Amino acid sequence: MGISAPRGTQDFYGPYMDAVLELEATMRDLCDDFGFSEIRTPMFERLELFQRGVGETTDIVQKEMYTFTDKSRHAREFALKPEGTAGVVRAYLERKMYAETQPTKLYYITPAFRYEKPQKGRFRQFHQFGIELFGAEGPEADAEVIGLGYQMLQRLGIKDVVLHLNSLGDADSRKKYNEILVGFLKDNEEGLCETCRERMVKNPLRVLDCKIESCQAIIKDAPLMLNHLSQADTAHFEGVKAYLEEMEIPYEVDPWIVRGLDYYTRTVFEFISNDIGAQGTVCGGGRYDGLIEEMGGQPTPGVGFGAGIERLLLTVENAKGQFKARQKVDLFIGAMGETAKVKAMGLANKLRMAGVGTSVDLLGKSVKNQMKYANKIDAKYSFIIGDNELASGQITIKNMETGDSDTIGFDQIADYIKKV
RNA sequence: GUGGAUAUAGCUCAGUUGGUAGUAGCGCCAGAUUGUGGUUCUGGAUGUCGUGGGUUCGAGCCCCAUUAUCCACCCCA
């Protein structure tokens, strides 16, 4: 075989493609109902955007980005987007959306690219649905974002997903807590793995995420951010929980979720599935009150999440079974002989114009095989046109499901099919 | 970046101690009195056995390398 697709990429076609389209349609309806509007930002941006937005210390920036230089003399560096938020924040500032009525509520459906080793639920080109809500600092904004995520799962018919919720505090309390945590980790340094010792210096919060048993043993006694929140942070977190309860959204407080992107403050959450393999996070997000300022804007609060379309579809498939091809046509027109073939083309075109999905034989198959074909493509109705029909102006239209048939005139076909 | 498994027809897979590939199932194409599908029956097509080396008289089967896929770690969606 010739050239194959790049590692970790997929071709979308057939029933899986249909499932993707259906999912995207669900997302768009959902966002309409919450008053979010779609935004599409470029597939690539200046490298600095992601370095600043996602965070220099993250794995995404340090080793997973697809970067390149274009042909410009200025030797600018670009990167394919590794996630959705940075580009949307850039657009918010560049297009001065802050000057419009606030809050700004946006959603996106986009490919994203990360150079990683592929496995179940993980690709080098994957697809994200995400939302961003700018300009609202109260807990009701967090609740609205989480609520949208929850409804997304409900509308997709996904059940076995648990909402994990945590608060990381604001920049100040995070800083104070960091000192306490580092102190604790230093006291227990001998027991930690190598990467944890490194992380202890660069990004101590991440140590809490370590899955190595010996580290876990130490971590379970570590001081928790949740117990070192400021009064304002606590009030915010309690607010979020109260809203979720009123909205009847079940959650588990999980002090261990930290999230690997640097920009999060206060609320962080993940919707986690446990039946799609090791990559169980189907949707993850939180509040990022410092990000917009970091990117050069006025201090502006923000909340959002990203959801992995491939992972969502894995859970959908678990819940509903294998994806089936969607029915594409209402009618198949078969033909015998040259004159009939020409007439069939003309009829098909008129019917399509009238909104009746129609296929015709393009291979010169026998009548029997044309019928087999009609069955294969799952047409609802079919008829054959030959010398008899040409002479009488009447066709016998057959319901492929029931096998019943009726004889009608050429000009009655569209109405006949639409009536049912 | 680390580790494990796999790589034979379009798909799922057989292939026995190495003797130059399957009556396998599904799918595809066609036929069963010349104008009607879904069931049944019959027939048919299709493989550089992932790629490149090596061992051997001889390799799908052994060895090495390489690529890809899957799974896990890491990280994340």
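Note that the coordinates shown come from a computational prediction; the quantities given were computed from them, not determined experimentally. Below, all heavy atoms of this structure are taken into account, side chains as well, without hydrogens, waters or symmetry copies. Note on naming: letters A, B, ... go to the chains in the order of the sequence lines (proteins, then strands), and numbering restarts at 1 for each one.
RNA chain B is contacted by both A:Gly277 and A:Tyr115; A:Tyr115 maps to the nucleotide lying nearer its 5′ end (nearest heavy atom per residue). Checking A:Met336 against A:Gly284, the closest nucleotide of RNA chain B that is more toward the 5' end is the one next to A:Met336.
Looking at heavy-atom distances under 4.0 Å, A:Glu116 makes contact with a base. Counting any heavy atom pair closer than 4.0 Å across all strands shown, A:Gly337 reaches no nucleic acid atom. At the heavy-atom level, A:Ala278 lies under 4.0 Å from the strands shown only through sugar-phosphate atoms. At a threshold of 4.0 angstrom between heavy atoms, the contacts of A:Gly130 with the nucleic acid are absent. Counting non-hydrogen atoms under 4.0 angstrom, A:Gly334 reaches nothing in the nucleic acid. Across all strands, A:Glu64 comes closer than 4.0 Å only to sugar-phosphate atoms, never to a base (heavy-atom distances). When heavy atoms are screened at a 4.0 angstrom cut-off, A:Tyr373 is found touching no nucleic acid atom at all.
For B:rU48, there is no paired base (Watson-Crick or G-U wobble, both distances below 3.5 Å). Across all strands shown, B:rU2 forms a Watson-Crick or G-U wobble pair with B:rA72, both key distances being under 3.5 Å. When Watson-Crick and G-U wobble pairs are counted only if both distances are under 3.5 Å, B:rU40 pairs with B:rA32. Of the nucleotides present, B:rG22 is the one that pairs with B:rC13 by Watson-Crick or G-U wobble criteria, both distances under 3.5 Å. Applying the Watson-Crick and G-U wobble criteria (two distances, each under 3.5 Å), B:rU55 pairs with nothing in any strand.
For the pair A:Leu106 and A:Glu38, the minimum side-chain heavy-atom distance is 4.5 Å or more. Side-chain atoms of A:Met27 and A:Ile109, non-hydrogen and from C-beta on, do get closer than 4.5 Å to each other. Put simply, the side chain of A:Phe12 reaches to within 4.5 Å of the side chain of A:Gln10, judged on heavy atoms. Contact annotation: the side chain of A:Lys365 approaches that of A:Tyr373 to within less than 4.5 Å [non-hydrogen atoms, C-beta and beyond]. Side-chain contact check for A:Tyr288 versus A:Glu294: every heavy-atom pair is 4.5 Å or farther apart.
The A:Phe123 side chain lies nearest to B:rA77 when the options are B:rC28, B:rA77, B:rC76. Each of B:rU36, B:rG3, B:rC74 was ranked by its minimum atom distance to the side chain of A:Lys117; first place goes to B:rG3. Taking only side-chain atoms of A:Ile60, from C-beta outward, the nucleotide of B:rC76, B:rG27, B:rG35 with the closest atom is B:rC76. Here the nucleotide nearest the side chain of A:Arg311, chosen from B:rU2, B:rC73, B:rC76, is B:rC76.
Comparing the C1' positions of B:rG60 and B:rA7 gives a spacing of 11 Å, expressed to the nearest Å. Comparing the C1' positions of B:rA77 and B:rU67 gives a spacing of 27 Å, expressed to the nearest Å. Taking the C1' atom of each, B:rC73 and B:rU16 are spaced 37 Å apart, rounded to whole Å. B:rA5 and B:rC26 have their P atoms separated by 34 Å, given to the nearest Å. Nucleotides B:rG50 and B:rA9 are separated by 14 Å at their C1' atoms, to the nearest Å. Annotation: B:rA21 and B:rA14 have their C1' atoms spaced 10 Å apart (nearest Å). Nucleotides B:rG4 and B:rG10 have their C1' atoms positioned 29 Å apart, rounded to a whole Å. Between B:rA45 and B:rA30, the distance separating the two C1' atoms is 10 Å to the nearest Å.
No donor-acceptor contact under 3.5 Å links the side chain of A:Lys372 to the base of B:rU36. The base of B:rG37 lies close enough to the side chain of A:Lys398 for a donor and an acceptor atom to sit less than 3.5 Å apart. Contact annotation: side chain of A:Arg122 to base of B:rC70, donor-acceptor pair absent below 3.5 Å. One can find a donor-acceptor pair under 3.5 Å joining the base of B:rG35 and the side-chain atoms of A:Asn388. In this model, no side-chain donor or acceptor of A:Asn375 finds a partner on the base of B:rG38 within 3.5 Å. Between the side chain of A:Glu389 and the base of B:rG35 there is at least one donor-acceptor pair of N/O atoms closer than 3.5 Å.
An OP1 or OP2 oxygen of B:rU69 is reached within less than 4.0 angstrom by a side-chain nitrogen or oxygen of A:Arg7. Side-chain nitrogen and oxygen atoms of A:Asn369 include none within less than 4.0 Å of the OP1 or OP2 phosphate oxygen of B:rC29. Checking the phosphate oxygens (OP1, OP2) of B:rC76, no side-chain nitrogen or oxygen of A:Gln279 falls inside 4.0 Å.
Spacing between atom CZ of A:Phe383 and atom C1' of B:rG37 amounts to 16 Å, rounded to whole angstrom units. Atom NZ in A:Lys368 sits about 11 Å away from atom C1' in B:rC41, given to the nearest Å. Taking atom NZ of A:Lys341 as the reference point, atom P of B:rG35 lies 17 Å away to the nearest angstrom. Summarising the geometry, the separation between CG on A:Leu153 and P on B:rA77 is reported as 15 Å, rounded to the nearest angstrom. Taking atom CD1 of A:Ile395 as the reference point, atom C1' of B:rG35 lies 14 Å away to the nearest angstrom. If you measure from atom CD of A:Glu132 to atom P of B:rA77, you get 11 Å, rounded to the nearest angstrom.
Geometrically, A:Arg266 does not engage A:Phe237 in a cation-pi contact defined by less than 6.0 Å to the ring centre and at most 45° from the axis.
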For this session: Start with the C-alpha gap between A:Tyr107 and A:Phe36, add the side-chain angles, then the distance that decides, and say whether ring-ring contact (aromatic ring centres under 6.0 Å, His included) holds.
Result: CA-CA 6 Å; A:Tyr107 77 93; A:Phe36 281 70; 7.7 Å; no

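Among all heavy-atom pairs drawn from A:Leu312 and A:Ala307, the shortest one is CD1-CB, 4.0 Å.
Between A:His228 and A:Tyr177, the ring planes are tilted. Angles from 30° to 60° get that label.
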